Asker: 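Here's a structure for you.
Because the structure is a prediction, the values reported are computed rather than measured. Numbers restart at 1 for each chain; the letters A, B, ... are given by sequence-line order, proteins then strands.
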Amino acid sequence: MDYFQKISQKILEHFPNVTPESLTWSPTPKPELGDVAFRMFEAARTLNCPPHVLAARVVEEVRFGKEVIKATAAGPYVNFVLDKSLIGRQIVDTILTAGIRYGSHQSGIGKKALVEHTSINPNASPHVGRARNAMIGDSLVRLLRFEGYEVEVHYYVNDMGRQIGLLVLGIEEHVGPLTNGLPPAIPFEKVLQVYVEANARAEHDSEFAAQGYDLLAQMEQGNPDVQRRFRAVTDLCLKGQLAVLARLGITYDVFDHESDYIRDPHLDEIIAALKEKGAIFTDEEGRLVADLSHIGYPYEEGRYFVLKRANGSSMYGYRDLAYTIHKMNRGAQVNIIVLGEDHKMYAQQQAAILQAAGYPAPEAVYYSYIILKEGKMSTRQGKVVLLSDFLDEATQRALEKVRQEWTDLSEEQCSAIATKIAVGAVRFAILKVNPNKNVVFDWESSLSFTGDTGPYIQYSCARIASILRKFGNLPDSVGDDFVLETAPEWALCLKLAVFPDIVRSAVEQRSPAPVAQYALETARLFTTFYHECPVLEAPSAAQKISRAQLCAATRTVISNALSLLGIESMERM
RNA sequence: GCGCCUGUAGCUCAGGAGGAUAGAGCAACGGCCUUCUAAGCCGUGGGUCGGGCGUUCGAAUCGCCCCAGGCGCGCCA
């Protein structure tokens with residue numbers, strides 16, 4: 001919604017050659033300059049005159065309506081002093097009317113989207129680096145649902161690796177054979193240690209390593225006994241991993257097991273298509289290899305893509321083709337997969353092969369890794385910060401503060417609040433940064449609840465809640481006597497007005513980061529307002545109601561933004 | 001070597017389809033709790049936006065070249 005359409009309309013009427021798109025508004029850099037600025041660069045270009053001349057002409061020649069108190073030319077800009085109450089009323093009214101839907105363009109109504117994310121190998125407890133995938137994916141899902149898409153969230157369970165074979169062997173050494181198909185009698189928390197040990201052993205014990213391969217081969221051949229043993233382990237791990245992710249509010253709709261795609265009929269189509277294009281051969285060592293240069297893949301690097309080993313067993317990337325076709329056949333208009341940056345070339349290779357077989361490829365959303373000061377995290381080597389440990393610590397720290405603050409609340413209530421704060425801190429810390437940036441994990445700064453953090457934003461909501469509790473019943477429609485005059489009120493109000501633009505941009509970019517930045521900036525503007533503009537003790541009755549309604553609108557916008565990030569706002573903290 | 005990504009204040013990051021004196025937080029220092037929750041606010045100091053050349057009236061933003069870091073490049077998943 002363009003609240004300044006009346007202003008641009010008058011300009012357009014006076015200068016008929018100017019197009020509406022070329023007249024864009026922005027907040028003024030300083031309140032003294034005015035309440036809103038229009039830039040003249042683009043319009044001046046179409047009129048073929050210098051921008052500052054056009055600005056002067058606009059001020060001189062155009063007759064504006066009653067909402068404009070004063071127009072001033074400032075170089076290439078025209079700054080307007082406005083009847084802020086009039087425009088503020090429209091903005092606040094729009095927000096209060098739309099409520100939890102404010103910001104959505106409903107662009108996904110009647111459309112389906114499929115998002116695959118997380119897809120952690122079912123081995124040990126997830127580390128915070130893996131969680132970046134899950135948080136980005138989950139927020140994209142929330143964004144798409146907010147826009148009205150019917151979203152199906154898929155999780156690909158990679159239950160076919162040699163790593164899993166080694167883990168099965170390692171666990172069986174602890175608890176005995178798993179052939180009965182019952183869950184292993186070992187706590188999930190212990191699996192990391194077993195996994196690290198098994199991998200370390202495979203490094204120097206070549207017989208043990210060979211056993212891992214052998215087990216994988218039998219798994220692929222469909223040995224029911226081996227399948228039961230694998231499934232017992234992968235189910236245990238998947239369940240444990242999902243429990244940790246659920247603490248962050250992340251859930252999935254469909255779990256697809258890699259082992260179900262070993263003999264998928266679509267794979268024959270792929271082979272046939274590659275053959276027809278002369279893009280497949282058996283190399284001197286007996287491997288089945290695709291030569292992607294024959295199907296339009298432009299780089300020398302990654303030109304050769306191995307589909308099957310010499311012994312006939314399939315590679316991960318081969319099975320993945322079948323899985324991807326399965327996903328693409330589910331009739332979704334939007335099909336997204338969240339991948340680590342190390343998969344960029346892999347995804348291009350997959351796309352090339354799929355295209356050759358007449359299938360589309362999913363849109364890939366990439367993110368870079370969270371690394372430790374010592375380097376990359378490695379589950380295999382046990383060099384990790386576990387997500388569960390991190391959440392425990394964050395919750396503990398939050399709980400101490402909450403207990404101190406709210407002595408009258410029960411332990412359950414305190415801990416519910418602390419949990420939300422911990423989730424807010426973790427999710428915000430990850431989601432606010434540009435996903436293609438490496439981040440170095442640091443315990444202290446990650447556990448900070450002050451400054452540019454999720455809890456800071458949640459805190460602004462708690463303050464609003466507190467004011468509105470004390471205010472009592474708030475009229476849900478905005479009256480004719482709505483007042484909005486001061487600079488902090490106006491800055492906040494203008495910020496609230498642009499939330500829909502932020503959502504659109506986030507959806508287009510497939511990135512939650514703009515929403516996170518926006519939530520933070522809005523919370524900051526609210527805090528300035530909070531300190532400078534008393535609500536309950538406002539100078540007039542009309543101002544008291546108006547400010548309370550501005551508070552309510554702010555809470556709506558911030559909590560809508562936070563919910564897109566998977567962060568809850570609360571009444572108290 | 002080749003491809004993709006990144007380089008902005010001591011540290012962590014915004015801004016990035018060109019436009020008003022480059023913004024936050026952390027850390028440092030100095031203030032503010034009988035006043036809507038101090039997880040807060042105000043103030044001070046701190047930047048040749050990696051370097052160079054170019055396009056433009058105008059470049060942190062676009063192009064080219066260099067430098068530095070991350071990731072990847074035929075039987076891991």
Asker: In whole Å, measure the gap between the C1' atoms of B:U6 and B:G51 for me.
Answerer: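 Pairwise C1' distance, B:U6 against B:G51, rounds to 16 Å.
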Asker: Mapping A:Lys376 and A:Pro76 to their closest nucleotides on RNA chain B, which lands nearer the 5' end?
Answerer: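 That would be A:Pro76.
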Asker: Protein within reach of the bases, or only the backbone? For nucleotides 27-35 of chain B, mark each nucleotide 5' to 3' as B, S or -, using heavy atoms under 4.0 Å.
Answerer: ---------
Asker: Rounded to whole angstroms, how far apart are NZ on A:Lys432 and C1' on B:G15?
Answerer: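 After rounding, the reported distance stands at 14 Å.
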Asker: Is it the case that B:C26 (base atoms only) and A:Glu444 (side chain only) share a donor and an acceptor within less than 3.5 Å, ignoring hydrogens and angles?
Answerer: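 No, no donor-acceptor pair under 3.5 Å.
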Asker: Which whole-number value in Å describes the distance from A:Phe428 CZ to B:A24 C1'?
Answerer: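 The answer, rounded to whole Å, is 11 Å.
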Asker: Please determine if A:Arg397 and A:Glu444 form a salt bridge, counting it only when a charged side-chain N lies under 4.0 Å from a carboxylate O.
Answerer: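 Counted as a salt bridge, because a side-chain N and a carboxylate O are separated by less than 4.0 Å.
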Asker: Has the side chain of A:Asn123 got a donor or acceptor that lies under 3.5 Å from a partner of the other kind on the base of B:A77?
Answerer: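 Result: no qualifying N/O pair found.
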Asker: Give a yes or no on whether a donor-acceptor pair under 3.5 Å exists between the nucleobase atoms of B:G19, that is its base, and the side chain of A:Arg39.
Answerer: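 Indeed, a donor on one side and an acceptor on the other fall under 3.5 Å apart.
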Asker: Where the side chain of A:Ala37 is concerned, which of B:C73, B:A20, B:C76 is the nearest nucleotide?
Answerer: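 Shortest atom-to-atom distance from the side chain points to B:A20.
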Asker: For RNA chain B, just give me the dot-bracket, please: Watson-Crick or G-U, both distances below 3.5 Å, ( ) intra-strand, [ ] crossing earlier pairs, | paired with another strand, . unpaired.
Answerer: (((((((..((((.....[...)))).(((((.......))))).....(((((..]....))))))))))))....
Asker: Reading RNA chain B from 5' onward, which residue's closest nucleotide shows up sooner: A:Arg572 or A:Glu42?
Answerer: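 That would be A:Glu42.
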